[in-house]
Amino acid sequence: MPEPTARRATVITSLNLKGGVGKTHACWLIAGVCQEQNRKCLVLDLDKQGNISTSLLPNFDAGVGTDAFFNPAIDPDLSTLIRKTTFSCLDVIPGSFALEHYNLTDPAQWKSSGLVLSLVDPLREASALYDYILLDCPADISLITYAALCASDFLLVPLEAAQWGALGTQHVLKTYEHVRQQYNVDLQLLGFVVSRFKRRRKYQTTYLKQLREHFGEDAFETFIPDLSTFEQAVTDRIPVNLHSPRSHASHVAREFFAEIERRAERLRTVRDVRRLGCVREPVGAVA
Ligand SMILES: Nc1ncnc2c1ncn2[C@@H]1O[C@H](COP(=O)(O)OP(=O)(O)O)[C@@H](O)[C@H]1O
Ligand SMILES: [Mg+2]
């Protein structure tokens, strides 16, 4: 009998330095489409606000969650940290205020501790059980966000179509480059996705165009409009594509997911070619 194919999750960190730009909502949309497509998805809530934990767990009690990964006194056991949700394909490791303790923004506070790599082994283990692992980050560059990037395949940057929304992206990109150089050479930029887009505001349309010119291929073609359907689905704690399956919002969610898959596939090919190039070079040098 053929061996069952092992899963190998696509691990995505959702990050921006601004709050309220749709970081959590992006994870929520991806998770919803995973459920619809029968793809197993684990969400790590790394934000002390615990928003996505509250959305996914009906009777959310903080308990021990993602903070366990950063607590040197705990040897985190994935099977006890992962919680089932009411959605058959979606699991979550919740976040709570306990994370505040590890939201250290000065690298001098954590650099020598090794804690920055604390998500790497657990996510490698979890990777065999899921198709997607989503890391929902707070709006900070801290030990927690560094740790997320160290353990991820891809960085997703949701932003609003306004100048002030884009400013934080420079710090995010600097951090991304730093993590690639120091810790995780395989980390790749999945792209910038404009979120909460208000078509009627003319400056947003102009800005969307500029953003695409500026970021080129790194800008998603899909943009996520600001729609009350999205908000309602969040309020009702049901992913929009299950809540209002025929709505425009659901269509956007599915388009967004499809583009993520296309981008991830393309970027993996780029990475593999680069790796092969690295292998070939020394052989050529010997010859
Ligand atoms: N495209 C959208 N349309 C309508 N409401 C949205 C949209 N994206 C996010 N929201 C709502 O805006 C608020 C902030 O979004 P959120 O994803 O939590 O931001 P962040 O995680 O970046 O702080 C939430 O209440 C969320 O439900
Ligand atoms: Mg959030």
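By convention here, the first residue in the shown sequence is residue 1. Note that these values count all heavy atoms, side chains included, but never hydrogens, waters or copies made by symmetry. Bear in mind that the values here come from a model prediction, so they are computed numbers and not experimental data. For ligands, and for the atoms within them, numbers begin at 1 and follow the listed sequence.
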Exercise. Any idea which protein heavy atom is nearest atom 6 (C) of ligand 1, and the distance to it?
Worked result: Arg196 NE, 3.5 Å

Problem set entry | Geometric class of the Phe230/His25 ring pair [parallel <30°, tilted 30-60°, perpendicular >60°] | perpendicular

Seminar exercise, completed: ligand 1 atoms nearer than 4.0 angstrom to some heavy atom of Gly19 are 23 (O)

For this session: Measure from the Mg ion (ligand 2) to each N, O or S atom of Thr24 and report whether any distance is below 2.8 Å.
Result: yes

Problem set entry | Nearest neighbour in protein (non-hydrogen) for atom 23 (O) of ligand 1 | Gly20 N, 2.7 Å

Exercise. So is Thr24 polar-close to ligand 1, meaning N/O to N/O under 3.5 Å?
Worked result: yes

Exercise. Which ligand 1 atoms, with their elements, are less than 4.0 angstrom from a heavy-atom of Val21?
Worked result: 19 (O), 20 (P), 22 (O)

Exercise. Under 4.5 Å between any side-chain heavy atoms of Glu255 and Glu259, yes or no?
Worked result: no

For this session: Would you kindly say whether Gln181 and Tyr176 are connected by a side-chain donor-acceptor distance under 3.5 Å?
Result: no

Exercise. According to the interplanar angle, ranging from 0 to 90°, do the rings of Trp110 and Tyr146 count as parallel (below 30°), tilted (30 to 60°) or perpendicular (above 60°)?
Worked result: tilted

Exercise. Taking distance alone, with no angle check, do Gly22 and ligand 1 share an N/O pair under 3.5 Å?
Worked result: yes

For this session: Would you check if Leu134 and Leu44 make a side-chain contact, meaning some heavy-atom pair closer than 4.5 Å?
Result: no

Exercise. So, Phe69 versus Tyr102, ring centres under 6.0 angstrom or not?
Worked result: no

Exercise. How far is atom 22 (O) of ligand 1 from its nearest protein heavy atom, and which residue and atom is that?
Worked result: Lys23 NZ, 2.8 Å

Exercise. Short N/O distance, under 3.5 Å, between Glu231 and ligand 1?
Worked result: yes

Exercise. So is there a nitrogen or oxygen of Pro225 less than 3.5 Å from a nitrogen or oxygen in ligand 1?
Worked result: yes

For this session: Salt-bridge test for Glu36 and Arg254: reply yes if a basic N is under 4.0 Å from a carboxylate O, no otherwise.
Result: yes

Exercise. Which residue holds the protein heavy atom closest to atom 17 (O) of ligand 1, what is that atom called, and what is the gap in Å?
Worked result: His25 N, 2.8 Å

Problem set entry | Any N or O of Val234 closer than 3.5 Å to N or O of ligand 1 | no

For this session: Would you mind checking if Arg212 and Asp218 are paired as a salt bridge, meaning a charged N to carboxylate O distance below 4.0 Å?
Result: no

Problem set entry | Pair Phe192 + Phe223: ring centers closer than 6.0 Å | no

Problem set entry | For atom 4 (C) of ligand 1, closest protein heavy-atom neighbour | Leu227 O, 3.2 Å

Problem set entry | Close-contact set for ligand 1 against Ile224 heavy atoms, below 4.0 Å | 1 (N)

